[in-house]
There are 4 protein chains.
Amino acid sequence: MSPRTSTQLQALREERSMQILRAALKVFANQGYNGSTIEMIAREAGVAKGLLYSYFESKEKLLESLITYGLEKASAFLTEPPDGPQHTKEAFAANLRKMVQLFREEQDFWRLYSMLILQPKMAEKFKADAMSFLETYMSVYGSYFQQKQSKNPMAEAMLFGAVLDGLMFDLILSPDEYPLEEVLDMIIEKFA
Amino acid sequence: MSPRTSTQLQALREERSMQILRAALKVFANQGYNGSTIEMIAREAGVAKGLLYSYFESKEKLLESLITYGLEKASAFLTEPPDGPQHTKEAFAANLRKMVQLFREEQDFWRLYSMLILQPKMAEKFKADAMSFLETYMSVYGSYFQQKQSKNPMAEAMLFGAVLDGLMFDLILSPDEYPLEEVLDMIIEKFA
Amino acid sequence: MSPRTSTQLQALREERSMQILRAALKVFANQGYNGSTIEMIAREAGVAKGLLYSYFESKEKLLESLITYGLEKASAFLTEPPDGPQHTKEAFAANLRKMVQLFREEQDFWRLYSMLILQPKMAEKFKADAMSFLETYMSVYGSYFQQKQSKNPMAEAMLFGAVLDGLMFDLILSPDEYPLEEVLDMIIEKFA
Amino acid sequence: MSPRTSTQLQALREERSMQILRAALKVFANQGYNGSTIEMIAREAGVAKGLLYSYFESKEKLLESLITYGLEKASAFLTEPPDGPQHTKEAFAANLRKMVQLFREEQDFWRLYSMLILQPKMAEKFKADAMSFLETYMSVYGSYFQQKQSKNPMAEAMLFGAVLDGLMFDLILSPDEYPLEEVLDMIIEKFA
DNA sequence: TATGAATGAGATTTCATTCAT
DNA sequence: AATGAATGAAATCTCATTCAT
């Protein structure tokens with residue numbers, strides 16, 4: 001057999017790396033960072049313990065990569081240019097559903113992320129990434145409430161943020177029974 | 001000297017027990033359950049490691065006691081009979097502020113509780129207590145939305161729940177800068 | 001009330017001391033020395049942990065007292081002057097039964113003693129006491145086999161010692177079902 | 001370099017496992033189960049503490065493995081088919097010497113085993129293994145005494161068992177000075 | 001690159017002993 | 001004398017990380 005080209009090797013590394021990240025996300029989200037062991041992650045990824053260390057320096061760095069990667073992906077998702085006119089009720093509704101979809105596709109990530117930022121010690125590590133994501137989020141959503149004749153656009157924007165966070169939280173706790181559609185309609189009715 | 005009476009002893013144990021629970025709450029809330037050590041808790045409580053085991057069977061049981069105690073306290077708080085007429089805008093506002101006060105007084109507890117229920121493995125342990133608290137919460141808030149001429153009382157109640165959860169979440173993340181009063185007014189405007 | 005006389009106090013101490021020794025024997029015999037805790041012994045004796053230390057310097061000293069006391073009692077039992085003529089078959093049988101009775105009355109003690117001398121580290125502690133007891137035992141039994149026309153009195157004495165030890169061992173293991181009488185008859189038939 | 005093959009791995013684990021069992025036997029036999037520490041065993045085996053837990057779940061399970069393994073080995077030894085005719089005086093003598101050899105080769109094991117079955121709590125754990133060994137032992141020795149014109153074959157068998165147990169006990173206590181040959185001759189004279 | 005045995009620091013837990021009451 | 005809360009050294013056990021193969 002001919003030796004693999006460096007491009008093939010690169011692709012292989014990339015794939016293995018993702019495999020490990022996926023496994024780590026699943027395990028961290030279910031057991032918490034400190035409750036997870038390298039052993040669990042390796043088993044979930046279907047590789048040997050030692051191999052993790054050829055892809056990630058340490059358990060801590062693995063977590064950091066995971067969060068950075070997840071937030072970047074989410075930012076990219078958020079900043080995909082929307083099609084059609086903005087600032088209409090329809091655009092608001094479409095954006096809202098997009099947010100929910102973003103969350104549903106990456107539930108484990110958001111669960112893990114929520115757990116982490118609730119711990120001051122952990123939160124610190126991700127302050128930079130979190131701030132950067134928050135800015136994206138704000139630039140996407142902030143302007144909307146400035147267009148409406150709200151008595152207090154700033155407060156309404158904060159409240160809407162709380163609605164999204166609370167919705168996410170409640171969806172994590174009961175993903176199956178939650179009456180999502182009806183609640184979304186109610187949000188649109190109250191905020192759009 | 002003569003030994004302490006059993007009354008003295010009981011009071012001593014009660015006091016120590018609370019002292020340890022307070023310390024554990026602080027440490028668990030800041031480091032997470034798995035990131036906390038018995039050593040940290042003992043140091044925070046100002047007692048020797050070994051003493052914790054004379055009051056609580058294990059680290060795990062200590063956590064369980066903490067959560068059970070906290071939820072019971074919160075339930076008691078919620079069910080204190082309100083004064084004045086109910087189902088008015090004013091009563092709604094008063095209740096809302098009471099909820100926020102409850103949360104602010106026990107921020108560490110709610111932070112810890114939130115972290116825990118995000119982890120399936122942990123959540124299971126507290127299912128019974130959590131359900132019992134949820135029922136109290138629902139019986140207090142559920143009826144309100146049945147009185148209003150809401151198109152969908154059920155969805156509105158769920159949404160209001162998400163608002164409370166999201167507000168709590170955001171208050172944990174930035175307790176000092178949060179424009180709480182303005183957001184509360186906005187909530188009252190939209191939901192009362 | 002008049003203060004207790006020093007004689008009364010003395011008697012009280014004596015009684016308490018015995019109470020603790022009895023408890024310690026029971027616990028040590030059932031859990032082994034290292035598997036027993038001061039707490040267990042105190043509970044069994046019906047007194048507080050701290051009190052043990054006003055009667056015995058340490059757990060180790062308590063064990064030593066126990067063994068010394070037990071061996072002394074056994075020596076005293078052995079050297080009680082037998083009534084009637086010695087060196088007859090009947091005397092042999094009587095002595096044998098007396099040995100068995102001695103053992104049965106203090107089963108826990110012999111169980112503990114056996115456990116201890118099987119461990120070199122423990123055995124050392126009791127070497128002096130054990131030797132002293134062995135001498136008593138030998139002086140009582142040694143002469144018997146010198147009277148009989150045994151090919152090898154010394155070996156027969158050793159073998160008889162093994163019989164007694166093995167009998168004790170087997171009686172510990174199945175105290176209820178053991179066909180003691182039949183085995184004793186067999187011993188008498190073979191050795192008397 | 002390439003990783004070890006699973007055959008190599010298995011051999012390695014087998015070897016290490018035996019190494020740890022040997023070390024554990026030595027330490028347990030000398031200090032007693034509760035008087036032994038994992039540290040002592042690891043040091044004796046020449047490996048790190050943590051490694052023991054990769055081979056045995058817990059200290060307790062290590063003990064259980066040790067006993068099970070030892071009794072199985074002894075059973076195998078006992079049931080090796082004897083050569084030559086049975087039920088003769090010579091066969092009896094040969095068997096007796098075989099028993100003694102079995103014991104001498106595994107003195108530490110029998111010392112440990114004796115210590116353990118004297119403690120009810122420990123004995124329970126090994127009841128199954130102990131019974132199974134006892135049956136083997138009985139099937140090997142039981143038949144002998146049914147052949148002889150003994151007044152009471154059952155009692156004689158029990159007594160012979162006690163002789164073996166007592167001999168073992170006494171050999172543990174003074175392995176070097178014991179006049180084994182003379183005592184064995186005496187046993188053969190009395191029982192064969 | 002890939003494996004999993006091996007390490008040892010550090011976590012949880014136990015318990016003999018002390019001591020204030 | 002008697003109590004049992006409190007201590008802390010030492011035990012058991014865990015797990016991130018290293019390393020020989």
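As a basis for the values below, the full set of heavy atoms in this structure was taken, side chains included, without hydrogen atoms, waters or symmetry mates. All chains are named by letter (A, B, ...) in the order of the sequence lines, taking the proteins before the strands, and each is independently numbered beginning at 1.
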Rounding to a whole Å, what distance do you find between [X]:[atom1] and [N]:[atom2]?
{"X": "D/Q8", "N": "E/dA5", "atom1": "CD", "atom2": "P", "value": "12 Å"}
{"X": "D/L12", "N": "F/dT21", "atom1": "CG", "atom2": "P", "value": "10 Å"}
{"X": "A/I20", "N": "E/dT1", "atom1": "CD1", "atom2": "P", "value": "11 Å"}
{"X": "C/Q19", "N": "F/dA1", "atom1": "CD", "atom2": "C1'", "value": "13 Å"}
{"X": "C/R43", "N": "F/dG4", "atom1": "CZ", "atom2": "C1'", "value": "13 Å"}
{"X": "B/Q31", "N": "E/dG10", "atom1": "CD", "atom2": "C1'", "value": "15 Å"}

Nucleotide-resolved protein contact map, nucleotides 11-16 of chain F, B/S/- at heavy-atom distance under 4.0 Å: SSBBSS

Salt bridge (charged side-chain N to carboxylate O under 4.0 Å, His left out) contacts touching residues 41-58 of chain A (sequence neighbours left out):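 Every pair satisfying salt bridge (charged side-chain N to carboxylate O under 4.0 Å, His left out) with a residue in residues 41-58 of chain A: A/K26-A/E44, A/E39-A/R43, A/E39-A/K49, A/E57-A/K61.
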
Exercise: do A/R13 and A/Q10 side chains pair donor with acceptor under 3.5 Å: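 No - no donor-acceptor pair under 3.5 Å links their side chains.
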
Flag for A/Q19-A/R16: side-chain donor and acceptor within less than 3.5 Å: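 Judged by distance alone, the side chains do pair up.
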
Select base, sugar-phosphate, or nothing to describe what [X] touches, counting heavy atoms under 4.0 Å on all strands.
{"X": "B/L52", "answer": "nothing"}
{"X": "A/R16", "answer": "sugar-phosphate"}
{"X": "A/R13", "answer": "sugar-phosphate"}

Pairwise ring pair (Phe, Tyr, Trp, His ring centres under 6.0 Å) hits with a residue in residues 6-29 of chain B, at least two apart: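 Applying ring pair (Phe, Tyr, Trp, His ring centres under 6.0 Å) to every pair that reaches into residues 6-29 of chain B, excluding sequence neighbours, yields B/F28-B/Y33.
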
First encountered from the 5' end of DNA chain F, between D/R4 and C/A48: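 Comparing both residues, the 5'-ward one is C/A48.
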
Bracket string, DNA chain E, 5' to 3' - pairs by Watson-Crick or G-U geometry under 3.5 Å, | interstrand: .||||||||||||||||||||

Under-4.0 Å salt bridge between A/R22 and A/E15: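 Looking at A/R22 and A/E15, the cut-off is met.
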
Partner set under salt bridge (Lys or Arg N to Asp or Glu O under 4.0 Å) for A/D129, not counting sequence neighbours: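 If we apply the salt bridge (Lys or Arg N to Asp or Glu O under 4.0 Å) test to A/D129, skipping adjacent residues, there are no hits.
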
Contacts of D/E60 that satisfy salt bridge (Lys or Arg N to Asp or Glu O under 4.0 Å) - sequence neighbours left out: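 Checked D/E60 against salt bridge (Lys or Arg N to Asp or Glu O under 4.0 Å); matches are D/K125.
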
D/Y55 vs A/Y55, nearer the 5' end of DNA chain E by closest nucleotide: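 Residue closer to the 5' terminus by nearest nucleotide: A/Y55.
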
Main-chain N/O of B/Y69 paired to B/E72 side chain as donor or acceptor, under 3.5 Å: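 Flag not set: sc B/E72 to bb B/Y69 has no pair under 3.5 Å.
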
N/O donor-acceptor pair under 3.5 Å between A/R111 side chain and B/L118 backbone: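 A pair under 3.5 Å: yes.
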
